[in-house]
Amino acid sequence: METLEKYFSKGESREEQSLVKESEAFQELFYKPNLATNLTKAYLVGAGYDGEKHLAFLKLYEPEEGKIYIWYDDSFHKPYCFSKQSIQELQLNEALIKHEGFEKFEEEEKYDALEDKKVKVTKIIAKDPLSIGGKPSGSIRDILKAWEADIKYTECYIYDKGLIPGMPYKVENGKLIPIEYSLNPQILNAIKNALKDDVNNLDLLLNWAKLLECPVPKFLRAAVDIEVYSPIATRMPSASEAEYPVICASIVGVDGEKKVFLLKRENIQEGDAPLPNETKVIYVNDERKLLLELFKAMLKYPFILTFNGDDFDLKYLYNRAKKLGFPKESIPIELGRESASVIHGIHIDLYKFFFNRSIQIYAFNQKYRENTLDDVGKALIQFGKKEIQKPISELTYSELAAYCLTDSIITLNLTTFNDSLVMKIIMALSRIAVMPMEDVSRQGVSNWIRSMLYNEHRKRGYLIPRSDDILSLKGVTATEAVIKGKKYKGAIVVEPLQGIHFNVAVLDFASLYPSIIKVWNLGYETILCPHEECKSNKVPGTPHWVCTKKRALESLLIGSLRDLRVKWYKVKAKDKTLNEETRNLYAVIQSALKVVLNASYGVFGAETFSLYCPPVAEATAAIGRYIITKTIEKAKELGVNVVYGDTDSIFLGNPTEEQLKELINWSKSTLKMELEVDKWYRYVALSSRKKNYLGVYKDGTVDIKGLTGKKRHIPEFLKRAFYEMIQILSQVETKEEFNEAKEKIKKIVKDCYFNLKNRKYSLEDLAFKIVISKPPKGYVKTTPQHVKAAQLLESKGIEIKPGDLISFVKVIGDLGVKPTSLASIEEVDTRKYVEYIESTFEQVLDALGTNLSELIGHTKLEAFFEG
DNA sequence: GCGGACTGCTTACCT
DNA sequence: ACAGGTAAGCAGTCCGCG
């Protein structure tokens with residue numbers, strides 16, 4: 001049996017016994033920033049505002065030393081906003097003139113894109129950011145109609161100085177100088193060549209390429225995790241109260257350092273849970289010492305990673321340290337309203353990053369479904385949380401250490417796997433969004449796009465429009481949505497032609513909506529523009545028109561990013577002549593671009609987007625409908641059988657190469673849209689349902705879309721039976737072979753039914769697993785089954801939070817359901833499960849031109865087997 | 001008082 | 001806090017029924 005002895009660093013642990021004089025110990029933690037006076041190469045990773053010095057500052061990361069340097073603004077840049085009133089008029093505004101934060105006026109000329117004309121504006125300069133906006137009342141933006149008054153000051157600073165977060169800079173005698181990155185001539189030529197069709201915005205495009213191709217440094221980082229004592233096992237201690245002691249903390253560095261700090265408590269056994277070899281286990285008698293040592297260890301790493309550190313770990317540490325009498329300056333943590341930062345560097349909360357829906361779907365292809373460290377870890381690095389059988393507070397020292405350490409290891413590894421993929425994505429997004437890493441990793445895609453567009457406005461001297469002005473000028477939609485309560489009509493789904501179709505080509509438009517925004521010049525300034533002569537340039541299917549005189553910034557930016565992704569990064573990511581590392585890099589960039597592009601249409605229809613402009617979104621969707629409709633017409637004209645289509649794709653039954661070529665060329669020349677062959681199926685099984693099909697590729701791999709058997713809430717036993725059926729269908733090559741397949745499917749259904757009736761399946765197999773999206777009390781209109789189950793769990797004292805996965809089985813009785821953990825196999829309502837078997841299989845049999853009753857010869861499974 | 005038709009709610013999915 | 005469209009199952013309501 002191994003004991004913890006070997007992990008002890010004997011000397012250190014003796015030292016722990018006698019606490020150094022406290023004040024001296026705290027002194028060690030007092031943060032002394034490294035000031036940037038001369039640096040040869042450092043990356044811009046953060047920005048802030050120093051309230052005492054009244055100066056903006058930047059955080060520059062020097063990767064050779066692994067240190068962060070602080071650089072203070074040397075231009076006396078001040079926060080400001082704009083007014084359309086003249087200085088003379090504003091002079092009469094007493095509240096403004098006498099405002100304690102007001103400094104001075106300056107006259108400026110800006111381009112007002114909403115009106116398409118130059119405007120004279122007055123720049124109202126303030127002494128500090130809060131005076132512009134942010135005070136509970138009486139900020140300058142509250143006393144008059146102001147423009148650009150709700151941009152975060154650090155962002156404002158970054159845009160004005162032309163800085164790009166994530167890019168390298170040097171400092172010479174205190175002066176900050178960008179390090180120009182130039183593309184190597186070979187790459188430059190290759191890009192030019194790939195994009196030769198789009199010469200008009202080549203410069204913009206090459207500028208993006210420079211940002212994206214510029215190498216990313218290695219980040220000296222460590223993951224931190226803590227465990228807190230809790231008197232009630234099922235309850236998470238509150239981070240704002242920080243009532244209970246931190247009993248364990250771990251820190252795992254990318255340099256291999258692994259430390260676990262354990263608080264000595266009474267009646268806790270050492271235990272014999274194994275730990276990784278180089279782990280340093282440090283026991284302390286005093287919780288203050290534990291925090292002190294952890295803080296000291298954190299200070300060595302400029303980048304601190306956590307999983308939910310904003311809301312828990314760092315928040316808890318900060319509040320706990322204060323409670324234990326730490327002087328404020330000795331706590332290397334600062335709490336914001338919704339985040340926690342580390343004073344000496346950068347804190348990245350990976351929970352926030354992985355929780356981001358766009359990241360989850362487009363960057364990681366829905367590989368993880370729940371937003372727990374366990375689920376994300378298992379999905380991305382095949383490494384889940386340590387399983388524990390007891391509450392945290394009852395674990396032995398070694399179990400606790402192993403548990404806590406594992407969390408930090410997973411957290412760190414989530415940023416190291418695949419050649420630090422996650423760090424690279426964050427850097428790429430940081431550069432595209434012109435937003436520091438800490439913000440980009442916490443905020444959603446609509447804020448990234450906002451920041452990208454704001455920066456471009458500033459760069460070009462555009463006045464950033466107020467949301468209410470956009471809305472009052474261009475807030476109206478003209479189409480009616482199919483779904484009640486939606487703002488406008490969306491995409492078309494083609495009625496599927498039920499049955500089996502062999503040799504089906506699936507064509508789709510590459511990035512349809514971004515292409516539309518590019519080709520049709522869509523943006524808040526060009527839709528419903530003020531020019532009489534543009535009014536005839538109508539968006540099909542709507543009364544809206546689009547400007548013919550000015551190019552919209554959105555169209556320009558989204559268009560160039562789209563071209564770069566489709567024609568360069570996507571192609572290079574698949575280029576087998578490149579080595580794996582290079583290909584990977586291209587893949588990372590293309591997926592970051594994908595995340596941004598996929599949202600670029602939706603944001604215009606999202607009220608929370610600061611450039612919200614519903615007719616832009618409506619026009620995009622309308623043009624999409626026009627394009628797919630015209631394409632289907634053309635295909636039919638060419639004599640091709642269109643069997644299905646959805647939004648940007650059409651499924652063509654057995655087309656000739658000639659027909660495909662003609663259709664693709666027609667699309668390019670007539671619609672200005674790039675249509676391409678995306679997939680080629682050996683056969684597709686279409687039921688009568690939309691968004692619901694099974695496609696088998698020539699090599700036998702299968703695409704399953706929308707079928708019940710694939711949905712993640714369905715019981716495991718049914719999923720297994722479903723996939724057995726898929727396995728059989730994947731082997732079918734010809735029409736004739738379906739008969740044989742049907743026989744095999746019949747057997748699967750039969751087996752499934754008998755196992756169910758004879759209660760051969762475990763409760764786990766029978767469990768439905770449904771996410772509860774609100775707290776159980778939040779369901780006032782109806783009480784769905786998973787909520788009933790959740791209520792039962794709550795009555796047993798189990799905490800249920802939004803986002804939890806509720807596992808329940810269907811049972812006989814009034815409620816009809818029970819949580820899996822509280823049910824027994826005898827009370828299972830098999831009839832309900834039989835209905836599920838029926839409907840799951842019917843979906844596929846429907847497409848095969850048969851059904852269960854035909855297959856089995858009876859109308860109901862039950863009747864057939866019982867009879 | 002009960003069952004069928006209907007609407008609305010909720011979740012999971014597709015593009 | 002990116003959008004709209006679709007499938008499925010269940011909850012709840014209304015209506016007819018001497």
Side-chain angles (χ1 to χ4, degrees), chain A residues 338 355-362 366 369 442-450 477 479-496 506 508-509 511-514 517 558 595-614 616-622 624-625 628 644-651 678 687-693 703-714 768-774 778-788 803 805-806 810 815-817 832 835-836 838-840 842-843 846:
Chain A
E338 277 152 11
F355 192 75
N356 183 318
R357 289 254 316 150
S358 301
I359 292 292
Q360 190 175 352
I361 296 171
Y362 300 118
Q366 311 229 46
R369 309 309 270 264
R442 282 174 177 76
Q443 303 194 336
V445 62
S446 72
N447 274 319
W448 305 340
I449 294 174
R450 172 191 56 75
T477 53
T479 57
E480 199 179 329
V482 173
I483 306 170
K484 229 170 143 185
K486 299 286 185 187
K487 286 168 287 205
Y488 59 88
K489 201 178 186 65
I492 285 180
V493 186
V494 181
E495 199 68 52
V506 180
D508 70 1
F509 293 97
S511 294
L512 178 66
Y513 286 178
I517 291 173
I558 293 165
V595 174
V596 171
L597 288 168
N598 272 321
S600 63
Y601 136 81
V603 292
F604 288 106
E607 281 163 69
T608 47
F609 181 54
S610 58
L611 298 172
Y612 173 54
C613 188
V616 170
E618 183 180 35
T620 311
R625 292 194 298 275
I628 192 171
Y644 180 61
D646 186 348
T647 312
D648 62 353
S649 67
I650 51 171
F651 288 49
D678 179 35
S687 72
S688 57
R689 301 159 187 85
K690 293 172 173 180
K691 299 188 186 282
N692 215 293
Y693 65 86
D703 273 346
I704 303 159
K705 300 288 178 182
L707 301 180
T708 302
K710 179 196 182 179
K711 297 199 174 178
R712 81 175 193 280
H713 69 275
I714 242 55
F768 287 85
K769 291 176 181 174
I770 296 183
V771 171
I772 188 161
S773 63
K774 296 186 272 194
Y779 292 80
V780 282
K781 285 162 182 151
T782 56
T783 313
Q785 296 192 322
H786 64 295
V787 179
K788 286 179 182 161
L805 197 62
I806 309 295
K810 305 221 175 204
L815 271 185
V817 292
K832 278 280 169 213
E835 284 172 22
Y836 266 89
E838 286 171 354
S839 65
T840 303
E842 283 287 357
Q843 271 187 346
D846 206 19

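Here is how names work: the chains are called A, B, and so on, in the same order as the sequence lines, proteins then strands, and each is numbered from 1.
- Backbone-only contact: G490(A) has heavy atoms under 4.0 Å from sugar-phosphate atoms and none from a base.
- Remark: I517(A) CD1 to S511(A) OG distance equals 10.5 Å, nearest 0.5 Å.
- For Q366(A) and dT15(B), the CD to P distance is 11 Å, given to the nearest whole Å.
- Counting all heavy atoms, side chain and backbone alike, A599(A) lies closest to V445(A) at CB-CG2, 3.5 Å.
- The shortest distance between the side-chain N/O atoms of K691(A) and the OP1/OP2 oxygens of dC13(B) is not below 4.0 Å.
- Here the closest non-hydrogen pair linking Q843(A) and T708(A) is OE1-N, 2.8 Å.
- At a threshold of 4.0 angstrom between heavy atoms, the contacts of A617(A) with the nucleic acid are absent.
- Of the listed nucleotides (dT11(B), dG4(C), dC13(B)), dC13(B) has the atom at the smallest distance from the side chain of R369(A).
- Aromatic rings of F768(A) and Y836(A) (six-membered ring for Trp) have centroids within the 6.0 Å cut-off, being under it.
- Checking dG9(C), dC14(B), dT15(B) against the side-chain heavy atoms of S839(A) singles out dG9(C) as nearest.
- Contacts of Y513(A) with the nucleic acid, taken as non-hydrogen atoms under 4.0 Å apart, are absent.
- Residues that satisfy the side-chain hydrogen bond (donor to acceptor under 3.5 Å, both in side chains) test with S649(A), not counting sequence neighbours, are absent from this structure.
- Among the protein residues, R357(A) comes within range of no part of the nucleic acid, since none of its heavy atoms lies under 4.0 Å from any strand.
- Using a 4.0 Å heavy-atom cutoff across all strands shown, V771(A) reaches sugar-phosphate atoms only and no base atom.
- Side-chain proximity of Y779(A) to dC13(B), dT11(B), dC2(C): nearest is dT11(B).
- Of the candidates dC10(C), dT11(B), dC2(C), the closest approach to any side-chain atom of S446(A) belongs to dC2(C).
- For K788(A), there are no salt bridge (Lys or Arg N to Asp or Glu O under 4.0 Å) partners two or more places apart in sequence or in a different chain.
- Atom pair K710(A):NZ and dA12(B):P shows a separation of 14 Å (rounding to whole Å applied).
- As judged by a 4.0 angstrom heavy-atom cut-off over every strand, R625(A) is placed among residues making no nucleic acid contact.
- No contact: I628(A) has no heavy atom under 4.0 Å from any strand.
- Counting non-hydrogen atoms under 4.0 angstrom, Y612(A) reaches nothing in the nucleic acid.
- The residue Q443(A) sits close only to the backbone: its heavy atoms come under 4.0 Å of sugar-phosphate atoms, none of a base.
- If you check every strand for non-hydrogen atoms under 4.0 Å, T620(A) touches nothing.
- Shortest non-hydrogen contact noted between I628(A) and T647(A) is CD1-O, 3.6 Å.
- Between K690(A) and dT15(B) there is no side-chain N or O to OP1 or OP2 distance below 4.0 Å.
- N447(A) is linked by a side-chain contact (heavy atoms from CB on, under 4.5 Å) to M435(A), Q443(A), R450(A), counting only residues two or more places apart in sequence or in another chain.
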Could you go through nucleotides 11-13 of chain C and list every protein N or O atom that sits under 3.5 Å from one of its N or O atoms, giving the distance for each pair?
unit_1	atom_1	unit_2	atom_2	d
dA11(C)	OP1	K788(A)	NZ	2.8

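- Put simply, CD on E842(A) is 11 Å from P on dA8(C), counting in whole angstrom units.
- By the 4.0 Å N-to-carboxylate-O rule, D646(A) lies close enough to K691(A) to be salt-bridged with it.
- Taking only side-chain nitrogens and oxygens, T647(A) never comes nearer than 4.0 Å to OP1 or OP2 of dC14(B).
- The local environment of CD in E480(A) is sparse, with at most 12 non-hydrogen atoms from other residues, nucleotides or ligands closer than 6.0 Å.
- Between dA8(C), dT11(B), dG9(C), one nucleotide has an atom nearer to the side chain of K810(A) than all others, and that is dG9(C).
- Heavy atoms of I770(A) sit under 4.0 angstrom from primed sugar atoms or phosphate atoms, though from no base atom.
- The number of heavy-atom neighbours closer than 6.0 Å to CZ of R357(A), taken from other residues, nucleotides and ligands shown, is 12 or below.
- Going from atom CD1 of I772(A) over to atom P of dT11(B) covers 8 Å, rounded to whole Å.
- Here dC14(B) is the nucleotide among dA3(C), dC14(B), dC10(C) with the atom lying nearest to any side-chain atom of D646(A).
- Dashed line: the shortest gap from a side-chain N or O of R712(A) to OP1 or OP2 of dC13(B) is under 4.0 Å.
- The listed nucleotides are dC13(B), dG4(C), dC10(C); the one nearest the side chain of I483(A) is dG4(C).
- Counting any heavy atom pair closer than 4.0 Å across all strands shown, F604(A) reaches no nucleic acid atom.
- Y362(A) comes within 4.0 angstrom of a base, heavy atoms only.
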Kindly give the atom pairs (protein nitrogen or oxygen, nucleotide nitrogen or oxygen) under 3.5 Å for nucleotides 1-3 of chain B.
none

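- Using a 4.0 Å heavy-atom distance criterion, Q843(A) is classed as a sugar-phosphate-only contact.
- Heavy-atom nearest nucleotides on DNA chain C were determined for S600(A) and for K711(A), and the one closer to the 5' end corresponds to S600(A).
- The shortest distance between the side-chain N/O atoms of H786(A) and the OP1/OP2 oxygens of dT11(B) is below 4.0 Å.
- Taking for each of K484(A) and A491(A) the nucleotide of DNA chain B with the nearest heavy atom, the 5'-most of the two is the partner of K484(A).
- Under the side-chain contact (heavy atoms from CB on, under 4.5 Å) criterion, N356(A) pairs with S358(A), I359(A), W448(A), not counting sequence neighbours.
- Side-chain proximity of K705(A) to the nucleotides dC2(C), dT15(B), dC13(B) is greatest for dT15(B).
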